[in-house]
Participant: 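Below is one structure. I have some questions about it.
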Amino acid sequence: MDAFRKQASKLREQVAKQQQAVIKQFGGSGYESSEIMVIDEVEMQMHHQLEKLYRSTRSGRDFQKEVVKAAEAFTAVGYKHIEAGTKLSEDCSKYGAENANDEVLAKAASVYGDARKHVEKEQDDFNRLLFTQVLEPLRAMIAGTPLEDARHLAQRYSRMRQEAEAQAAEVSRRQARVRESPIPENVAKLHAAETKMHELKASMAVLGKEAATALSAVEAQQQRLTFQRLVAMVEGERTYHERVATILSNIEAEVVSEKQRKEAAPPVTPLNHTSDKTKYFLAEAIHAFDADSDKELSLALGDFVVVRKVSPSGWAEGECRGRAGWFPSTFVEKRQRVPTNYTASEVY
């Protein structure tokens with residue numbers, strides 16, 4: 001029986017040593033999870049609380065790192081966007097200046113080139129917001145002293161708990177020795193082991209409360225700061241897209257309206273210097289201008305306008321009082337077919 005007890009005691013010592021070796025090899029940088037009750041139920045609850053807080057702050061830190069990576073990627077893409085947009089703005093402005101005769105495309109290129117500068121300014125403002133309101137605060141907290149200090153306290157508690165676990169095994173072994181051989185030497189060693197165990201228990205109680213308080217404060221700060229920075233990034237991105245959308249809408253409206261204005265304007269017909277000396281003029285409202293003298297000619301109510309062709313833009317080509325030109329078709333009214341002395345197809 002005594003031999004069996006000695007063998008069991010040696011086996012416990014070997015297992016304890018192997019556990020400590022594994023802990024030192026794999027668990028030196030974090031908080032060790034364990035379901036072994038080292039002291040009592042109160043200590044077990046403290047252990048679970050610290051383990052939960054340690055994991056929570058680690059998860060919060062990892063999420064902050066992911067947000068930082070995303071913001072850094074947005075910023076890098078933003079700088080490339082600015083570079084490409086600035087080059088396009090310069091090219092558009094150059095084309096508009098060098099091709100003034102191409103009124104529609106050149107005008108559109110000039111308008112877009114000028115407005116593109118404002119788009120790139122909005123991108124630069126968004127990049128600055130990401131840097132000052134997202135990247136800097138999160139980087140500071142990730143590498144901050146409060147987080148590291150709190151985690152170090154938890155790691156110290158974890159190592160102390162491992163020591164207490166080994167000491168509890170030592171107390172159990174000494175108790176077995178005393179039962180086997182209650183000599184004064186074994187009793188003294190048992191008392192020394194128990195005293196050390198009581199000291200570890202007291203130290204763990206103080207350190208556990210300190211670590212729990214520190215980790216709880218860091219956890220709350222992590223969640224509050226990360227939430228604020230996330231909201232700031234969302235608001236900044238929303239504002240950026242809204243402003244860019246407004247700029248692009250204005251560009252589109254100006255370009256399209258300019259094209260429509262050009263298409264709606266009557267074509268400028270050059271003077272025809274053929275042998276019959278036909279005069280051309282442009283009509284505006286119910287007035288016209290003689291192509292030679294630039295004198296205003298009034299088209300009185302009842303005047304016949306011989307229409308040759310009506311364009312989709314609302315202008316009609318025809319003759320009035322022996323002069324050919326363009327008339328706004330909305331100011332003439334169709335009456336009848338052309339009299340026999342007119343050569344055009346319809347009269348208005």
Side-chain angles (χ1 to χ4, degrees), residues 1-62 145-222:
M1 189 68 177
D2 291 340
F4 179 77
R5 288 177 179 175
K6 289 181 180 180
Q7 186 177 0
S9 178
K10 289 182 180 180
L11 183 60
R12 283 196 300 269
E13 290 180 2
Q14 290 176 357
V15 171
K17 290 179 180 179
Q18 289 175 356
Q19 288 178 339
Q20 291 300 315
V22 171
I23 288 171
K24 290 180 180 178
Q25 182 177 359
F26 298 103
S29 59
Y31 191 89
E32 297 306 315
S33 176
S34 175
E35 294 301 325
I36 299 176
M37 184 179 296
V38 177
I39 299 175
D40 52 24
E41 186 64 29
V42 175
E43 188 283 326
M44 195 67 178
Q45 291 177 358
M46 175 62 71
H47 165 65
H48 286 161
Q49 181 184 5
L50 290 177
E51 182 181 7
K52 181 181 178 181
L53 288 170
Y54 193 89
R55 289 179 177 178
S56 175
T57 53
R58 181 175 58 189
S59 176
R61 182 193 59 184
D62 292 343
T145 302
L147 174 61
E148 290 303 314
D149 289 348
R151 291 170 65 81
H152 286 159
L153 288 173
Q155 291 167 2
R156 281 178 54 195
Y157 184 88
S158 179
R159 290 192 294 269
M160 188 176 292
R161 191 173 192 275
Q162 295 163 15
E163 185 180 353
E165 186 176 345
Q167 188 62 29
E170 175 68 12
V171 170
S172 178
R173 187 172 63 86
R174 293 296 176 185
Q175 288 173 345
R177 290 276 181 89
V178 169
R179 285 195 299 268
E180 295 171 1
S181 178
I183 60 177
E185 181 182 358
N186 288 343
V187 173
K189 289 182 178 180
L190 173 60
H191 289 166
E194 289 176 341
T195 300
K196 185 176 181 180
M197 187 64 191
H198 288 307
E199 292 174 353
L200 284 172
K201 180 179 178 181
S203 299
M204 286 175 62
V206 174
L207 183 58
K209 291 180 181 179
E210 185 179 356
T213 301
L215 283 173
S216 297
V218 169
E219 181 188 45
Q221 185 184 14
Q222 268 185 342

Participant: Which distance, rounded to the nearest 0.5 Å, do you find between the CG of Leu50 and the CZ of Arg161?
Facilitator: 10.0 Å

Participant: Could you go through residues 204-214 and list every donor-acceptor pair under 3.5 Å that involves a side-chain atom there, pairing it with any protein atom two or more places apart or in another chain?
Facilitator:
| residue | atom | partner | partner atom | Å |
| --- | --- | --- | --- | --- |
| Thr213 | OG1 | Lys209 | O | 2.9 |

Participant: Quick one: are Gln49 and Gln45 in side-chain contact, heavy atoms under 4.5 Å?
Facilitator: no

Participant: Verify side-chain contact (heavy atoms from CB on, under 4.5 Å) between His198 and Thr195, making sure each step is shown before the conclusion.
Facilitator: CA-CA 5 Å; His198 288 307; Thr195 300; 5.6 Å; no

Participant: Please name the pair of heavy atoms, one in Arg177 and one in Asn186, separated by the smallest distance, quoted to 0.1 Å.
Facilitator: O-ND2, 3.8 Å

Participant: When you compare the side chain of Glu194 with that of Gln167, does any pair of heavy atoms fall below 4.5 Å?
Facilitator: no

Participant: About how many Å separate CG of Leu53 and CG of Leu153, when rounded to the nearest 0.5 Å?
Facilitator: 12.0 Å

Participant: Could you pull out the closest heavy-atom pair between Ala164 and Leu200, with the gap in Å?
Facilitator: CA-CD1, 3.8 Å

Participant: Kindly compute the distance separating CZ (Arg179) from CG (Leu190), expressed to the nearest 0.5 Å.
Facilitator: 9.5 Å

Participant: Going through the checks in order, is the side-chain hydrogen bond (donor to acceptor under 3.5 Å, both in side chains) test met by Ser56 and Glu219?
Facilitator: CA-CA 7 Å; Ser56 175; Glu219 181 188 45; 2.6 Å; yes

Participant: Do the side chains of His48 and Glu43 get nearer than 4.5 Å, heavy atoms only?
Facilitator: no

Participant: To the nearest 0.5 Å, tell me how far Glu148 CD sits from Gln155 CD.
Facilitator: 8.0 Å

Participant: Working to the nearest 0.5 angstrom, can you tell me the gap between Ser216 OG and Lys52 NZ?
Facilitator: 10.0 Å

Participant: When you compare the side chain of Val42 with that of Met46, does any pair of heavy atoms fall below 4.5 Å?
Facilitator: no

Participant: Do you know which two heavy atoms are closest between Arg61 and Gln222, and how far apart they sit?
Facilitator: N-NE2, 3.4 Å

Participant: Quick one: closest heavy-atom pair of Thr57 and Leu147, and the distance?
Facilitator: CB-CD1, 4.1 Å

Participant: Kindly write out the residues that satisfy side chain to side chain donor-acceptor pair (under 3.5 Å) with Arg174, not counting sequence neighbours, or none if the list is empty.
Facilitator: Glu170

Participant: Work out which heavy atom in Tyr54 is nearest to a heavy atom in Arg151; give both atom names and the distance.
Facilitator: OH-NH2, 3.1 Å

